[in-house]
Protein chains: 2
Amino acid sequence: MLLNVDLSDQRPVYQQLRDQVVEAIADGVIHEGNRLPTTRQLAADLAVNFHTVAKAYDLLRQEGFIQVSRKTGTAVRITGEGPAPEWRAGLRTVLAEAFAKGMPKEEILAACREVLDSFGASRRTDGSLA
Amino acid sequence: MLLNVDLSDQRPVYQQLRDQVVEAIADGVIHEGNRLPTTRQLAADLAVNFHTVAKAYDLLRQEGFIQVSRKTGTAVRITGEGPAPEWRAGLRTVLAEAFAKGMPKEEILAACREVLDSFGASRRTDGSLA
DNA sequence: CCAATTGATCTATAAAAGATATAACAAAGG
DNA sequence: CCTTTGTTATATCTTTTATAGATCAATTGG
């Protein structure tokens, strides 16, 4: 399955779902136009409350990753240019965690490159969601 | 002041303090051996409860950024090798946020380089905490 | 047309996290 | 001896997270 919930994860469920959708878009597993499951359907699959899924969808909508339409359902649609203004602050914190722990800058940069290289590798030409 | 609290920030106060200490270490503003204010002192300066500061310190201690001693006080001391195991997952999420929003990989990598270049630039040779 | 589905909205409840407030204690240091 | 400090414990309060049930309008599919 594309999305899953880990109860041992420290992040709240709606945040896990949000992160997984964002990473799935980056990976190319889902892309512009792809439809996401309905809140009730996904909630049933994941055995969580549909309000929790709705919260994740609402967050993704606010951030400009998806568009929710009563007619056509929920679909991936990127709006706005580039990441949020606070993005660099978050990046800085993550990189600081590694550098403060003694990881060399070259290794950190190499890790960034590896992660970026993995993005887009799972792109599909058809519209299937596997 | 080195540390400050932003009530409009979405992160909890103890997390803000934790992040600021980690970034201060990465920046070189504080380094191995430097002592941090006592929990009660810092709490008074920031106008927060000292339990909140103690929680931040305890988190930093668990992560291996500081060492707390009843004798010598709280000081920066890096223990363990490199970042935590979950670090790469966090990095992946942050980078995905930018790439999914259409930011080119080269620009993302350039942002990483800029942030890394800023680290260590504020290193002090004396032991002052300005 | 009709039944089912869906997004949304509302209320309610419960558990957990975050933050504050006091208090007490042992150890250390002046 | 007295203050400071880290630590621990308890209590309270607010916010967040998650679940639950119910309703409604709109849409879809038979």
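Chain letters run A, B, ... following the sequence lines, proteins first and then strands; every chain starts at 1. Remember, it's a predicted structure, so these values are computed and weren't measured experimentally.
- If you measure from atom CD of Gln15(B) to atom P of dT16(D), you get 16 Å, rounded to the nearest angstrom.
- Contact of the Gln41(A) side chain with the Phe50(A) side chain is not registered, since no non-hydrogen atoms from C-beta on lie closer than 4.5 Å.
- In this structure, the CG atom of Asp9(B) is 15 Å from the C1' atom of dT15(D), given to the nearest Å.
- Distance check, rounded to the nearest 0.5 Å: CZ of Arg77(B) to OG1 of Thr72(B) gives 10.5 Å.
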### Under 4.0 Å protein heavy-atom contacts per nucleotide of nucleotides 22-30 of chain D, with B for base, S for backbone only and - for none
BB-BSSS--
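- Using a 4.5 Å heavy-atom cutoff, the side chains of Thr79(A) and Gln67(A) are not in contact.
- Between the CG atom of Leu42(B) and the P atom of dG6(D) there is a distance of 11 Å, rounded to whole Å.
- The shortest distance between the side-chain N/O atoms of Lys55(B) and the OP1/OP2 oxygens of dG18(C) is below 4.0 Å.
- Following rounding to the nearest Å, Ile66(A) (CD1) and dG7(C) (P) show an atom-to-atom distance of 10 Å.
- When the nucleotides dG6(D), dT17(D), dA21(C) are ranked by their closest atom to the side chain of Asn49(B), dA21(C) comes out on top.
- Going from atom CZ of Arg35(B) over to atom P of dT5(D) covers 10 Å, rounded to whole Å.
- Annotation: the span from Cys112(A) atom SG to Arg92(B) atom CZ amounts to 13.0 Å, rounded to 0.5 Å.
- Of the candidates dT17(D), dT20(C), dA19(C), the closest approach to any side-chain atom of Val48(B) belongs to dT20(C).
- The distance between atom CG of Leu46(A) and atom C1' of dT19(D), rounded to the nearest whole Å, is 15 Å.
- For Leu59(A) and dA8(C), the CG to C1' distance is 17 Å, given to the nearest whole Å.
- At dA18(D), none of the side-chain N or O atoms of Thr52(A) fall inside 4.0 Å of OP1 or OP2 (strictly under the cut-off).
- Between Leu60(A) and Val22(A) the shortest side-chain heavy-atom distance falls below 4.5 Å.
- For dT17(D), the OP1/OP2 oxygens have a side-chain nitrogen or oxygen of Tyr14(A) closer than 4.0 Å.
- Following rounding to the nearest Å, Gln16(B) (CD) and dA19(C) (C1') show an atom-to-atom distance of 13 Å.
- Taking 4.5 Å as the limit, some side-chain heavy atom of Asp58(B) sits within range of a side-chain heavy atom of Arg61(B).
- Summarising the geometry, atom CG belonging to Leu3(A) is positioned 7.0 Å from atom CD1 belonging to Ile30(A); distances are rounded to the nearest 0.5 Å.
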